Amino acid sequence: MHLKFKDLLEMAERLRGENGCPWDKKQTIATMRKCVVDESEELSQAILNEDTENIEEEIGDLLFTLILIAQIAREEGKFDMGTVMQKNAEKLIERHTWVFGTDKAKTAEEALELWNRNKQNKRKKQ
């Protein structure tokens with residue numbers, strides 16, 4: 001089976017739907033905080049252990065946790081995964097001016113310096 005991202009979004013909606021999972025339906029954004037922390041820690045540990053198979057699994061677990069939070073937010077009329085992705089893409093473009101703009105960065109250090117400068121410039125504008 002080859003799933004697409006939208007399939008995961010639909011799974012989150014179904015899990016929280018009328019005939020969905022009682023646990024998933026009970027969750028709030030606040031209760032999902034612990035899941036984010038736990039899944040992030042499990043991913044971090046897998047990375048430290050250089051356990052590629054477990055890294056892959058934990059990325060999936062963390063990703064679905066984030067998708068479930070976005071689903072809850074969508075139900076509450078706050079935001080949805082589409083707006084999350086759009087805002088993230090805009091931020092990546094704004095911060096990576098050496099890739100998507102005219103700045104030049106030949107080293108990781110130069111890239112980090114530009115990233116921080118761009119981040120500060122955005123904060124000054126807000």
Side-chain angles (χ1 to χ4, degrees):
M1 176 181 355
H2 187 68
L3 292 177
K4 295 183 171 124
F5 190 74
K6 74 176 190 71
D7 296 324
L8 291 175
L9 297 175
E10 290 169 0
M11 289 175 77
E13 184 175 13
R14 184 171 177 186
L15 285 167
R16 289 190 45 88
E18 184 178 335
N19 297 314
C21 169
W23 184 88
D24 290 292
K25 292 183 344 185
K26 184 178 178 181
Q27 300 313 303
T28 66
I29 292 174
T31 63
M32 291 301 296
R33 180 186 174 281
K34 182 174 179 353
C35 297
V36 170
V37 171
D38 291 348
E39 295 301 345
S40 297
E41 181 54 39
E42 289 173 13
L43 175 57
S44 177
Q45 194 59 52
I47 292 169
L48 286 173
N49 293 338
E50 298 180 4
D51 182 348
T52 304
E53 187 175 318
N54 200 20
I55 292 170
E56 180 182 41
E57 179 181 345
E58 297 306 336
I59 287 172
D61 291 348
L62 181 57
L63 174 63
F64 195 75
T65 297
L66 301 175
I67 287 171
L68 195 58
I69 292 169
Q71 173 62 28
I72 295 166
R74 184 174 76 85
E75 293 166 9
E76 295 174 354
K78 294 178 177 175
F79 58 84
D80 63 24
M81 189 55 78
T83 60
V84 169
M85 292 170 46
Q86 179 66 37
K87 287 180 179 183
N88 186 253
E90 291 168 3
K91 183 194 308 189
L92 289 170
I93 291 167
E94 286 174 354
R95 301 264 176 95
H96 287 90
T97 54
W98 59 98
V99 176
F100 302 106
T102 57
D103 288 334
K104 304 288 183 223
K106 295 191 185 290
T107 66
E109 293 78 16
E110 290 173 345
L112 182 59
E113 189 176 310
L114 284 167
W115 173 276
N116 288 325
R117 182 199 74 192
N118 294 335
K119 185 176 180 179
Q120 290 300 323
N121 287 343
K122 176 73 174 184
R123 285 186 178 158
K124 288 177 187 174
K125 291 177 184 176
Q126 292 177 337

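Bear in mind the structure is a predicted one, so any value in this text is a computation, not a measurement.
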What are the two closest non-hydrogen atoms of [X] and [Y], and how far apart are they?
X: Lys104; Y: Leu114; result: O-CD1, 3.5 Å
X: Asn54; Y: Ala46; result: ND2-CB, 3.7 Å
X: Glu76; Y: Ile29; result: OE1-CD1, 3.8 Å
X: Cys35; Y: Trp23; result: SG-CH2, 3.9 Å
X: Ile72; Y: Gln27; result: CD1-O, 3.8 Å

Contact list for residues 92-103, test salt bridge (charged side-chain N to carboxylate O under 4.0 Å, His left out), sequence neighbours left out | Glu94-Lys122, Asp103-Arg117

Salt bridge (charged side-chain N to carboxylate O under 4.0 Å, His left out) contacts in which one or both residues fall within residues 41-59, not counting sequence neighbours =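 Applying salt bridge (charged side-chain N to carboxylate O under 4.0 Å, His left out) to every pair that reaches into residues 41-59, excluding sequence neighbours, yields nothing.
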
Please tell me if the side chains of [X] and [Y] come closer than 4.5 Å, counting only heavy atoms from C-beta onward.
X: Glu39; Y: Leu66; value: no
X: Leu63; Y: Leu8; value: yes
X: Leu9; Y: Ile67; value: yes
X: Glu110; Y: Trp98; value: no

Could you state the interatomic distance from [atom1] ([X]) to [atom2] ([Y]), rounded to the nearest 0.5 Å?
X: Glu10; Y: Leu15; atom1: CD; atom2: CG; answer: 12.0 Å
X: Glu113; Y: Thr107; atom1: CD; atom2: OG1; answer: 8.5 Å
X: Lys124; Y: Lys119; atom1: NZ; atom2: NZ; answer: 14.0 Å
X: Leu43; Y: Gln45; atom1: CG; atom2: CD; answer: 10.5 Å

Is there a path from [X] to [Y] through hydrophobic residues (I, L, V, M, F, W, Y) whose side chains come within less than 4.5 Å of each other?
X: Ile59; Y: Met81; result: no
X: Leu68; Y: Val36; result: yes
X: Phe5; Y: Phe79; result: yes
X: Ile93; Y: Trp115; result: yes

Where does the angle between the aromatic ring planes of Phe100 and His96 fall among parallel (under 30°), tilted (30 to 60°) and perpendicular (over 60°)?
->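 Phe100 and His96: perpendicular rings.
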
Side-chain donor or acceptor of [X] paired with backbone N/O of [Y] under 3.5 Å:
X: Thr65; Y: Asp61; result: yes
X: Asp7; Y: Lys4; result: yes
X: Asn88; Y: Val84; result: no

Is it the case that more than 12 heavy atoms not belonging to Met32 sit under 6.0 Å from its CE atom?
->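 Yes, enclosed.
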
Is the number of heavy atoms from other residues, nucleotides or ligands under 6.0 Å of Lys25 NZ greater than 12?
->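 Yes - once you tally the heavy atoms of other residues, nucleotides and ligands closer than 6.0 Å, there are more than 12.
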
